[in-house]
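Numbers for residues simply follow the sequence, beginning at 1. The figures here come from the full heavy-atom set of this structure, side chains too, leaving out hydrogens, waters and symmetry mates.
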Amino acid sequence: MKRRSPAQIRQLRELPLPEVATALGYQRSPRDPAKWKKASSIISINGSKFYDHLMQCGGGGAIDLVMHDHMCTFQQALQWLQPLAEVMPIPQANWSTVQHYLCQHRKLHPNLIEQYHRQQLIEADSRNNAVFCMRNAHQQAIGAELVGTHPQYPFKGLTKGTRKPLGSFWISTDPTRNPAQCDSVLLVESAIDALSVACLPSAPQQQLIVSTAGLAHRVPEWLHRLNLNTIVCGYDADPPAQLAYQALQTDPRVSRLLPGNAKDWNDLLRNPSQ
């Protein structure tokens, strides 16, 4: 079965429920537009939520609705929804918004962003969030970091179902090298920091650049499966980051690297004079 990225799963979950209900055979009630009916089933739809009045239970999102209606597994629901998603794709404008944010606002190199977009490691969701695929050492998707692109409403988070102990958003300074063969890693606080490091003219020399999606107070669990000799903490210079570094120092492989005089690696990229 084809493995789907977190962004693809999110796209399926966020398909409009009225269209999904119609595809499932429901018809909208002429008396109450929020109610949808078919033989032996009556549901109400409110945005991304639904409620089954006969079974007295509900859920959220298109995947839940298909699992509820078909009484099927998560993977079976994804498979059922895929043809529907192909005729209702996330508009290209969403990716254009994310691409503009990353390249113009964050000053990340367009070629690098396009490369990772082609590899489905950076995508857009239906809310114009930037989606950064988190992977384990076998390059299997285990979730995603989310970053909002609206300047007045900053947002960071993880997609629903992300299994953070199993992986991270990471990039390799040597794409030909298997992560399991890497012996040095630079830990940073976010996917944007990781990409910023890769864009710097004089980038640190660690073989893997790993986002811990926030401050980690111990080396991420999945990295213990690699044969690492060097772990460099590239967190910011603020007090919370310093406390996280002190906690990480319980591992003797950990050393410190600050992003110059900048507040973070992306700030260093946007203001190279610092």
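Residue L223 is found in a hydrophobic cluster whose other members, listed by chain and number, are W170, V185, L187, L208, V210, L215, V219, W222, L226, L228, I231, Y235, Y245, L248, V254; membership requires side-chain heavy atoms under 4.5 Å apart, directly or through intermediates.
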| task | Start with the C-alpha distance between D69 and Y26, add both sets of side-chain angles, then the distance that settles side-chain hydrogen bond (donor to acceptor under 3.5 Å, both in side chains), and finish with yes or no. | result | CA-CA 10 Å; D69 185 76; Y26 286 90; 3.2 Å; yes
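Note that CG of D264 and CG of D193 are 5.0 Å apart. Values are rounded to the nearest 0.5 Å. N261 CG to D267 CG: the interatomic distance, rounded to the nearest 0.5 Å, is 10.5 Å.
Panel note: side chain S211, backbone A191; a donor-acceptor pair is recorded below 3.5 Å. Side-chain atoms of S48 do not come within 3.5 Å of backbone N or O of G61 as any donor-acceptor pair. No donor-acceptor distance shorter than 3.5 angstrom exists from the side chain of S255 to the backbone of V232, with no hydrogens or angles considered. One N or O on the side chain of E189 and one on the backbone of D236 form a donor-acceptor pair closer than 3.5 Å. In this structure, the side chain of R13 does not engage the main chain of I63 through any donor-acceptor pair within 3.5 Å. When atom types are taken as modelled, the side chain of H109 and the backbone of N111 share a donor-acceptor pair closer than 3.5 angstrom. Although no hydrogens or angles enter the test, the distance criterion places a donor-acceptor pair under 3.5 Å between the side chain of K38 and the main chain of L24.
Residue K49 qualifies as open at atom NZ: its count of foreign heavy atoms under 6.0 Å is 12 or below. Counting non-hydrogen atoms of other residues, nucleotides and ligands closer than 6.0 Å to CG of N46 gives a total of 12 or fewer. Enclosure of atom NZ in K164 by more than 12 non-hydrogen atoms of other residues, nucleotides or ligands within 6.0 angstrom is indicated. Surrounding CZ of R270 are more than 12 heavy atoms belonging to other residues, nucleotides or ligands, all under 6.0 Å away. The number of heavy atoms from other shown groups lying within 6.0 Å of CD (Q27) does not exceed 12. Around atom NE2 of H150, more than 12 heavy atoms belonging to other residues, nucleotides or ligands sit under 6.0 Å away.
Tested against R135, the residues I142, L166, L121 include a single side chain to side chain contact (heavy atoms under 4.5 Å, CB included) partner, L121. Exactly one residue among T159, I122, L158 makes a side chain to side chain contact (heavy atoms under 4.5 Å, CB included) with F132. That residue is I122.
At least one side-chain heavy atom of L195 sits less than 4.5 Å from a side-chain heavy atom of I113. By the 4.5 Å heavy-atom criterion applied to side chains, F74 and L78 are counted as neighbours.
Salt bridge annotation for R253-D251: present, with a cationic side-chain nitrogen under 4.0 angstrom from a carboxylate oxygen.
In this pair, Y116 and F169 present their aromatic rings perpendicular. The plane angle is above 60°, beyond the 30 to 60° band.
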